[in-house]
Amino acid sequence: RFFVSADVAIKDEGNGNIGAAAYAYLAEPVSEMYISLYLDRYDESLKKTLDEANPEVLIYHTHTHESYYDGGNVDEGYNYNTDNNDYNVVGVGDVLAKELQDGYGIAVIHDKTIHDTSYNDCYGRSNETVSSYLNQYGDFKLIIDLHRDSNSNRQAVTAEINGETVAKVMFVVAGNSSNYSSNTQLDNKLIEIINRLFPSLLRSTNIFVYDSGINAFNLNLSNNILLLEDGSIANTAIEAKLSAKYIARVIAEYIKNYT
């Protein structure tokens, strides 16, 4: 038997980097070898029994048609939009919902209502959708308005994690939200978890603040609501969907430790 055993030490260096040292014990001497270390995105210990009657997470999309680089349909404003869910944010939401439910036992409502048939009215329409669910279920542990950004710099929005090319994520708040303090506290808790587990997934540890968001991006509807940008027009849909699996791990950590 060539490979006998190995000792591995992993250390969080506190600067966004993970340090690792590996010592391999071999049956025969070699001049050189490589050992690949992967920090798994999935943690089975976070899985619980699924209770579909009591949904904990609501996912919806104010800009339902937002799509990625491979989705086509580029308009004059350099915006990518499609009703093909294989290439838009709805498809990314499907992956996130499935990962939360099947992987972690977290019940999810994924609303696919089209809100952006008239762009200027889309936040009013999504307000009605979210308000309807709040009236029916009360509050959720997390409410996620899932978007994609318009940054065209691929290097700025793409990362390599565990050998996978993924889209980076970004949190957005409205400075005119009446829940601004709660919104930022929630985002910062999630950023802390991402920065601990998968630091390169973040575009920035800072929250992007719009001073006057349309309808305050509906972030005044709950203390548990957030606006998340998963990738941008420079990413493929696959990259954004891979990121959704990492986001699911982060949400599972958040729900276990903060709710």
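In this text, all values refer to a predicted model and were calculated from it rather than measured experimentally. Note that the numbering runs from 1 along the sequence shown for the chain.
Using a 4.0 Å cut-off between a side-chain N of Lys or Arg and a carboxylate O of Asp or Glu, Lys168 and Glu239 do not qualify as a salt bridge. With respect to Glu253 and Arg196, a salt bridge is recorded, a charged nitrogen being found less than 4.0 Å from a carboxylate O. With respect to Asp230 and Lys241, no salt bridge is recorded, no charged nitrogen being found less than 4.0 Å from a carboxylate O. Remark: Glu164 engages Arg41 in a salt bridge, criterion side-chain N to carboxylate O under 4.0 Å.
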- Task: Start with the C-alpha gap between Asp94 and Lys112, add the side-chain angles, then the distance that decides, and say whether side-chain contact (heavy atoms from CB on, under 4.5 Å) holds.
- Result: CA-CA 9 Å; Asp94 281 338; Lys112 304 179 185 182; 2.9 Å; yes

- Could you go step by step and tell me if Val89 and Thr64 meet the side-chain contact (heavy atoms from CB on, under 4.5 Å) rule? CA-CA 7 Å; Val89 290; Thr64 319; 5.7 Å; no

- Full working for ring-ring contact (aromatic ring centres under 6.0 Å, His included) between Tyr104 and Tyr42: CA-CA 9 Å; Tyr104 297 103; Tyr42 180 67; 5.1 Å; yes

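Under the 4.5 Å side-chain heavy-atom criterion for ILVMFWY residues, a single connected hydrophobic cluster contains both Val108 and Leu228. Residues Ile193 and Ile191 share a hydrophobic cluster, clusters being chains of Ile/Leu/Val/Met/Phe/Trp/Tyr side chains in contact below 4.5 Å. Hydrophobic clustering places Tyr123 together with Leu134 (ILVMFWY residues linked when any side-chain heavy atoms are closer than 4.5 Å, directly or through intermediates). Tracing side-chain contacts under 4.5 Å through hydrophobic residues (I, L, V, M, F, W, Y), one never reaches Val90 starting from Tyr60; they form parts of separate clusters. Neither Leu142 nor Val95 shares a network with the other; the hydrophobic side chains, linked directly or stepwise wherever heavy atoms of I, L, V, M, F, W or Y lie under 4.5 Å apart, form separate groups for each.
Residues satisfying the ring pair (Phe, Tyr, Trp, His ring centres under 6.0 Å) test with Tyr180, not counting sequence neighbours, are none. Under the rule for a ring pair (Phe, Tyr, Trp, His ring centres under 6.0 Å), the partners of His61 that lie at least two apart in sequence or sit in another chain are His110.
For the residue pair Ala174 and Leu219, the shortest heavy atom distance occurs at N-CD1, 3.6 Å. Among all heavy-atom pairs drawn from Ser177 and Asn183, the shortest one is OG-OD1, 2.8 Å. For the residue pair Ser150 and Ser232, the shortest heavy atom distance occurs at N-CB, 4.4 Å. The shortest non-hydrogen separation linking Leu146 to Val92 is CD2-CG1, 3.9 Å. Residues Asn151 and Ile233 share a closest heavy-atom pair of O-CG1, 3.6 Å. Ala159 approaches Ser200 most closely through the heavy-atom pair CB-O, 3.3 Å.
Atom CD1 of Ile144 and atom CD1 of Ile59 lie 5.0 Å apart (nearest 0.5 Å). With rounding to the nearest 0.5 angstrom, the CD1 atom of Ile238 is 6.5 Å from the OG1 atom of Thr236. In this structure, Ser152 OG and Tyr80 OH are separated by 8.5 Å, a value rounded to the nearest 0.5 Å. One finds the CD1 atom of Ile106 at 13.5 Å from the CG atom of Asn54 (value rounded to the nearest 0.5 Å).
Between Tyr254 and Glu192, the closest side-chain pair of non-hydrogen atoms is not below 4.5 Å. Within the 4.5 Å cutoff, the side chain of Tyr258 has no heavy atoms near those of the Leu186 side chain. Counting only heavy atoms from C-beta outward, the side chains of Ile255 and Lys48 approach each other to under 4.5 Å. Side-chain contact between Phe217 and Asp145 is absent, with no heavy-atom pair separated by less than 4.5 Å. Between Ile143 and Leu221, every side-chain heavy-atom pair lies at or beyond the 4.5 Å cut-off. Counting only heavy atoms from C-beta outward, the side chains of Leu202 and Phe171 approach each other to under 4.5 Å. Pro199 is not listed as a side-chain neighbour of Ile194, based on a closest heavy-atom distance of 4.5 Å or more. Here the side chains of Asn188 and Ile207 are in contact, with some heavy-atom distance below 4.5 Å.
In this structure a side-chain-to-backbone donor-acceptor pair under 3.5 Å is missing from Asn235 to Ala240. At distances below 3.5 Å, not a single donor-acceptor pair connects side-chain atoms of Asn88 with backbone N or O atoms of Glu66. Remark: side-chain polar atoms of Glu229 are paired, donor with acceptor, to backbone N or O of Asp149 under 3.5 angstrom. Using a distance-only test at 3.5 Å, with no hydrogens or angles considered, no donor-acceptor pair links the side chain of Ser212 to the main chain of Gly175. A side-chain donor-acceptor contact under 3.5 Å links Lys47 to the backbone of Asp102. Although no hydrogens or angles enter the test, the distance criterion places a donor-acceptor pair under 3.5 Å between the side chain of Arg148 and the main chain of Ser67.
Using cut-offs of 30° and 60° on the angle between ring planes, the pair Tyr119 and His63 is parallel. Phe140 and Tyr137 have tilted rings, their planes meeting at an angle from 30° to 60° on a 0 to 90° scale.
Neither side chain, Asp111 nor Thr129, offers a donor N or O lying under 3.5 Å from an acceptor on the other. For Asp83 and His65, the side-chain atoms include no donor-acceptor pair closer than 3.5 Å. Defined by atom type and a distance below 3.5 Å, a donor-acceptor pair is present between the side-chain atoms of Asn127 and Asn218. There is no side-chain donor-acceptor pair under 3.5 Å between Asn195 and Thr205. Donor-acceptor pairing under 3.5 Å is lacking for the side chains of Ser182 and Asn179. Checking Asp43 against Ser45 by side-chain atom types alone, a donor-acceptor pair falls below 3.5 Å. For the residue pair Ser126 / Thr62, a side-chain donor-acceptor distance below 3.5 Å is found, with atom types taken as modelled. Residues Ser181 and Gln185 have side chains that bring a donor and an acceptor to within less than 3.5 angstrom of each other.
Taking the six-membered ring for Trp and the full ring otherwise, the centers of Tyr68 and Tyr87 sit at least 6.0 Å from each other.
The side chain to side chain contact (heavy atoms under 4.5 Å, CB included) test with Tyr210 is passed by exactly one of Asn176, Val172, Leu227, Val173: Val172.
Enclosure of atom CD in Gln155 is not indicated, since only 12 or fewer non-hydrogen atoms of other residues, nucleotides or ligands lie within 6.0 angstrom. Around atom NZ of Lys141, more than 12 heavy atoms belonging to other residues, nucleotides or ligands sit under 6.0 Å away.
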